[in-house]
Amino acid sequence: MFRPTRRALLAAPGLLAAPALAQSGFPNRPIRLVVPWLPGGSADTHLRVLADIASRNLGQTVVVENRPGASGTLGPALIAQETRGDGHLVGQMPVTIFRIPYMSRRPTFDPMSDFTWVIHLTGYVFGVVVRADSRYRTWEEYLDYAKAHPGQVSYGTPGVGSSLHITMERIAAERGIEFLHVPFRGGADTTQALLNGSVESVADSTGWAPMVQEGRFRLLVVWSSERAKRFPDVRTLRETGIDIVSDSPFGLGAPKNMDPGIVRALHDGFKPALLDPQHVATLDRFDMPVRYMDPEAYADFARRLNEEESAAVRRLGLRMD
């Protein structure tokens with residue numbers, strides 16, 4: 001898929017124009033932006049900046065509402081309960097919405113029929129960290145010990161079915177390893193668990209970066225296609241001989257059956273916020289790239305993700321009940 005460069009997006013004429021509102025009076029009250037994670041993580045931080053800038057574009061306050069739990073799907077489940085969106089409720093659509101329904105006998109939503117796709121935003125840089133005093137000096141030492149001690153090496157993630165969980169299980173299957181998975185509600189919890197020794201390692205996005213920079217955590221590997229800008233000495237999975245790239249792309253969605261004009265108005269309010277230098281700088285803090293898609297391209301991308309992620313769930317035999 002062609003992705004324009006960040007420089008080209010920022011320089012393109014007309015991108016920062018005020019949105020053409022779909023109808024008179026929209027929006028007529030604050031817009032709720034549901035973030036399905038605890039406050040303080042990379043997604044929460046950048047979405048708060050995005051909401052602040054978009055508020056100015058839309059002429060109404062965009063209020064962030066945290067709804068953590070169920071591997072990031074409690075927020076989308078709330079959005080799916082609306083039978084017809086009026087534009088005043090949007091939320092982050094983590095990649096787990098394409099997995100969790102296929103892991104449950106009684107899914108609370110259908111990712112292909114219960115949402116409207118507004119704008120695709122970005123993705124994460126993931127990595128595996130241990131404490132600085134850990135026995136594991138390298139990624140290879142970590143894998144070797146885990147293989148020699150089945151079920152004893154624990155790792156924390158933001159939840160069952162998360163990209164972190166799925167990827168660690170893919171690594172385990174490829175290398176014949178049995179890890180001990182410990183799910184949490186978000187990055188703040190995983191960081192605390194590693195600090196207090198509740199888990200031996202954490203697989204998460206770059207909320208761990210300050211601890212690595214301070215010398216309290218050791219970053220063993222990153223899962224991106226290229227090395228992280230802030231940690232150029234840390235290898236990617238591919239460089240260690242594991243042909244996996246995992247970056248968990250996401251955007252903003254809304255309830256189903258939304259008027260196309262309102263979808264366009266929301267898109268036109270959030271797009272300049274995505275590309276605003278203040279927001280881009282926030283993404284850079286977490287090594288997160290701009291990955292813009294409009295509603296049509298995002299809907300097509302969502303269909304492909306649904307096929308790929310549901311197939312991965314079936315292949316790995318993952319179940320929640």
Side-chain angles (χ1 to χ4, degrees), residues 1 3 5-7 9 35-38 40-50 71-72 92-96 99 120-130 136 138-139 142 155-159 161-171 184 186-191 194 201-251 274-275 279-293 301 305 308-309:
M1 177 185 297
R3 294 193 183 104
T5 65
R6 178 176 297 179
R7 180 175 297 176
L9 284 168
V35 176
W37 313 107
L38 292 168
S42 56
D44 175 78
T45 300
H46 100 81
L47 287 171
R48 286 179 184 276
V49 175
L50 184 80
S71 300
Q92 183 196 9
M93 296 285 112
V95 74
T96 46
R99 299 182 188 134
H120 194 275
L121 301 171
T122 183
Y124 298 101
V125 168
F126 292 138
V128 177
V129 293
V130 296
Y136 312 118
T138 68
W139 175 240
Y142 176 80
Y155 72 92
T157 75
S162 64
S163 294
L164 293 311
H165 176 212
I166 294 285
T167 303
M168 286 295 285
E169 291 309 307
R170 288 179 63 191
I171 293 167
F184 294 90
D189 285 354
T190 61
T191 297
L194 186 56
S201 58
V202 159
D204 209 340
S205 59
T206 52
W208 36 251
M211 295 292 184
V212 175
Q213 292 172 319
E214 293 170 11
R216 302 175 71 182
F217 289 174
R218 180 180 301 121
L219 178 60
L220 298 180
V221 70
V222 294
W223 298 353
S224 44
S225 58
E226 299 178 351
R227 296 190 183 193
K229 291 180 182 178
R230 285 184 291 173
F231 305 102
D233 295 333
V234 178
R235 294 170 298 163
T236 67
L237 276 176
R238 281 181 168 172
E239 289 178 301
T240 70
I242 299 174
D243 190 17
I244 294 175
V245 173
S246 177
D247 60 3
S248 196
F250 67 86
L274 169 66
L275 304 176
H279 179 253
V280 171
T282 304
L283 290 178
D284 283 343
R285 282 175 50 199
F286 298 104
D287 301 289
M288 299 169 72
V290 172
R291 293 184 60 178
Y292 164 74
M293 296 178 210
F301 184 56
L305 272 181
E308 294 168 3
E309 296 298 335

Legend entry - I242, V245, T157, I244 screened by side-chain contact (heavy atoms from CB on, under 4.5 Å) with T167, the one that passes: I244

Legend entry - Short side-chain donor-acceptor distance under 3.5 Å, R99 and S163: yes

Inset, instruction - For R235 and V222, indicate whether the former's side chain and the latter's backbone hold a donor-acceptor pair under 3.5 Å. - result: no

Legend entry - Donor-acceptor pair, side chain of T45 and main chain of S42, under 3.5 angstrom: no

Legend entry - Side chain to side chain, Q92 and L47, heavy atoms closer than 4.5 Å: yes

Inset, instruction - Measure the spacing between CG of L164 and OG of S205 and express it to the nearest 0.5 Å. - result: 7.0 Å

Legend entry - From R230 atom CZ to Q213 atom CD, the distance as rounded to the nearest 0.5 Å: 5.0 Å

Inset, instruction - Verify the distance criterion only: is there a donor paired with an acceptor across the side chains of T190 and D204 at less than 3.5 Å? - result: yes

Inset, instruction - Please say whether more than 12 non-hydrogen atoms of neighbouring residues, nucleotides or ligands are located less than 6.0 Å from CZ in R216. - result: no

Legend entry - More than 12 heavy atoms from other groups under 6.0 Å of CZ on R227: yes

Legend entry - G161 backbone acceptor or donor facing H165 side chain under 3.5 Å: yes

Inset, instruction - Any chance you could lay out the ring-ring contact (aromatic ring centres under 6.0 Å, His included) test for Y292 and H120, step after step, and finish with the verdict? - result: CA-CA 5 Å; Y292 164 74; H120 194 275; 9.1 Å; no

Legend entry - Plane angle bin for W208 and F231 - parallel if under 30°, tilted between 30 and 60°, otherwise perpendicular: tilted

Inset, instruction - Test V95 against E309 for side chain to side chain contact (heavy atoms under 4.5 Å, CB included), laying out the working first. - result: CA-CA 8 Å; V95 74; E309 296 298 335; 4.0 Å; yes

Inset, instruction - Write down the atom of T191, the atom of F217, and the distance for their closest heavy-atom approach. - result: O-CZ, 3.9 Å

Inset, instruction - Tell me, please, which residues at least two apart from R48 pass side-chain hydrogen bond (donor to acceptor under 3.5 Å, both in side chains). - result: D44, N66

Inset, instruction - Tell me, with the steps shown, if D287 and K229 meet salt bridge (charged side-chain N to carboxylate O under 4.0 Å, His left out). - result: CA-CA 7 Å; D287 301 289; K229 291 180 182 178; over 6 Å; no

Legend entry - Nearest heavy atoms of G127 and L219, plus distance in Å: CA-CD1, 4.2 Å

Inset, instruction - Check for a donor-acceptor pair, side chain of T206 on one end and backbone N or O of V125 on the other, with a separation under 3.5 Å. - result: no

Inset, instruction - Could you tell me whether the side chain of V128 reaches within less than 4.5 Å of the side chain of Y136, counting heavy atoms only? - result: no

Inset, instruction - Can you label the angle between the F250 ring and the Y124 ring as parallel, tilted or perpendicular, going by 30° and 60°? - result: tilted

Inset, instruction - Mind running salt bridge (charged side-chain N to carboxylate O under 4.0 Å, His left out) on R291 and D247 for me, showing each step along the way? - result: CA-CA 11 Å; R291 293 184 60 178; D247 60 3; 2.7 Å; yes

Inset, instruction - Any chance you could measure S201, atom OG, to M168, atom CE, to the nearest 0.5 Å? - result: 5.5 Å

Inset, instruction - Using a 4.5 Å cut-off on heavy atoms from C-beta on, say whether the side chain of P158 contacts that of W37. - result: yes

Legend entry - Full working for side chain to side chain contact (heavy atoms under 4.5 Å, CB included) between L50 and L121: CA-CA 10 Å; L50 184 80; L121 301 171; 4.0 Å; yes

Inset, instruction - Determine, stepwise, if the pair F126 / S224 fulfils side chain to side chain contact (heavy atoms under 4.5 Å, CB included). - result: CA-CA 7 Å; F126 292 138; S224 44; over 6 Å; no

Inset, instruction - Please check if atom CD in E239 has more than 12 non-hydrogen atoms from other residues, nucleotides or ligands closer than 6.0 Å. - result: yes

Legend entry - Heavy-atom pair with the smallest gap, counting every atom of T282 and V49: OG1-CG2, 3.7 Å

Legend entry - Main-chain N/O of L274 paired to H279 side chain as donor or acceptor, under 3.5 Å: yes

Legend entry - Minimum-distance pair of heavy atoms, taken over all atoms of V221 and T236: CG2-C, 3.7 Å

Legend entry - Any donor-acceptor N/O pair, E214 side chain to M211 backbone, under 3.5 Å: no

Legend entry - Partners passing side-chain contact (heavy atoms from CB on, under 4.5 Å) against L38 (at least two apart in sequence or in another chain): P68, R185, D189

Legend entry - I171/L237 under side chain to side chain contact (heavy atoms under 4.5 Å, CB included): CA gap, chis, key distance, verdict: CA-CA 10 Å; I171 293 167; L237 276 176; 4.0 Å; yes

Legend entry - Check: V290 and L275 side chains under 4.5 Å, non-hydrogen atoms: yes

